[in-house]
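The structure appears below as structure tokens.
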Amino acid sequence: MNDQQHEVIVRRAQPADVDGLVACSSALFAEDAGTRDPSVDVGWPREFGPERFAAGIDDPTRLLLVADCDGQVVGHLTGSVAEGSAMRPVKVATLVSMYVQPTHRRGGLGARLVAQFSAWAKEAGVELAEVTAYSSNADAIRFYERNGFASQSVTLRTAL
């Protein structure tokens with residue numbers, strides 16, 4: 001199935017979408033952090049996601065988007081906005097998480113989600129947008145670079 005066969009609508013999440021957001025977030029955790037970061041609790045979305053997503057729907061500092069195909073959530077994007085600080089006096093939008101089901105990838109859906117995130121951030125007066133990706137997730141890094149993001153810093157980690 002691809003986006004041409006079934007129209008996929010990108011829209012703001014509604015309370016009825018919470019289960020779909022949890023399912024997409026769970027798939028993201030399993031596919032991404034679950035294979036790259038043993039310190040992440042891959043059960044987090046099922047345990048804490050419903051409350052977290054429900055609270056974010058009406059929060060003006062958060063954006064919850066869903067990709068809806070025939071009433072099913074096939075992807076999501078969450079973002080947040082933070083005011084600047086004395087050290088970094090610019091308003092920043094963070095693309096917190098994004099996931100598109102494998103059957104809906106490579107058709108521009110991810111780019112549509114990012115474009116709506118960027119438009120929301122600009123409307124909120126944001127000066128910078130940021131996203132993180134695991135260094136071993138080359139596909140995600142290439143995707144974000146194609147969508148205007150560039151590497152700025154690297155986090156190095158060691159187990160103790």
Is the count of non-hydrogen atoms from other residues, nucleotides or ligands lying under 6.0 Å from [X] atom [atom1] greater than 12?
X      : atom1 : answer
Gln72  : CD    : no
Arg105 : CZ    : yes
Arg106 : CZ    : no

How many angstroms lie between atom [atom1] of [X] and atom [atom2] of [Y], to the nearest 0.5 angstrom?
X      : Y      : atom1 : atom2 : value
Ile57  : Asp17  : CD1   : CG    : 6.5 Å
Ile141 : Ser151 : CD1   : OG    : 6.5 Å
Asn147 : Met98  : CG    : CE    : 7.5 Å
Asp70  : Glu7   : CG    : CD    : 9.0 Å
Glu31  : Arg36  : CD    : CZ    : 7.5 Å

For residues [X] and [Y]: do they belong to one hydrophobic cluster (side chain heavy atoms under 4.5 Å, members Ile, Leu, Val, Met, Phe, Trp, Tyr)?
X      : Y      : value
Val96  : Leu65  : no
Val131 : Val92  : no
Trp120 : Leu95  : yes
Val114 : Leu21  : no
Tyr144 : Val100 : yes

Do [X] and [Y] make a side-chain contact, defined as non-hydrogen atoms from C-beta onward lying under 4.5 Å apart?
X      : Y      : value
Leu63  : Arg12  : yes
Arg157 : Asp37  : yes
Val66  : Leu64  : no
Cys69  : Gln101 : no
Leu128 : Arg88  : yes
Val8   : His104 : yes

Can you give me the closest heavy-atom contact between [X] and [Y], atom names plus distance?
X      : Y     : answer
Ala124 : Val81 : CB-CG2, 4.5 Å
His76  : Ser97 : NE2-OG, 3.0 Å
Ala86  : Pro89 : O-CD, 4.0 Å
Val126 : Ala93 : CG1-N, 3.4 Å

| Worked check of side-chain contact (heavy atoms from CB on, under 4.5 Å) between Leu109 and Val74 | CA-CA 10 Å; Leu109 182 54; Val74 298; 4.3 Å; yes

| In a check of side chain to side chain contact (heavy atoms under 4.5 Å, CB included) between Cys24 and each of Phe53, Phe29, Tyr99, which one passes? | Tyr99

| Do you know which of Glu123, Glu130, Glu83 makes salt bridge (charged side-chain N to carboxylate O under 4.0 Å, His left out) with Lys91? | Glu83

| request: Using ring-ring contact (aromatic ring centres under 6.0 Å, His included) as the criterion, list what pairs up with Phe143, not counting sequence neighbours. | output: none

| said: Going by salt bridge (charged side-chain N to carboxylate O under 4.0 Å, His left out), name the residues that satisfy it together with Asp139, two or more places apart in sequence or in a different chain. | reply: Arg142

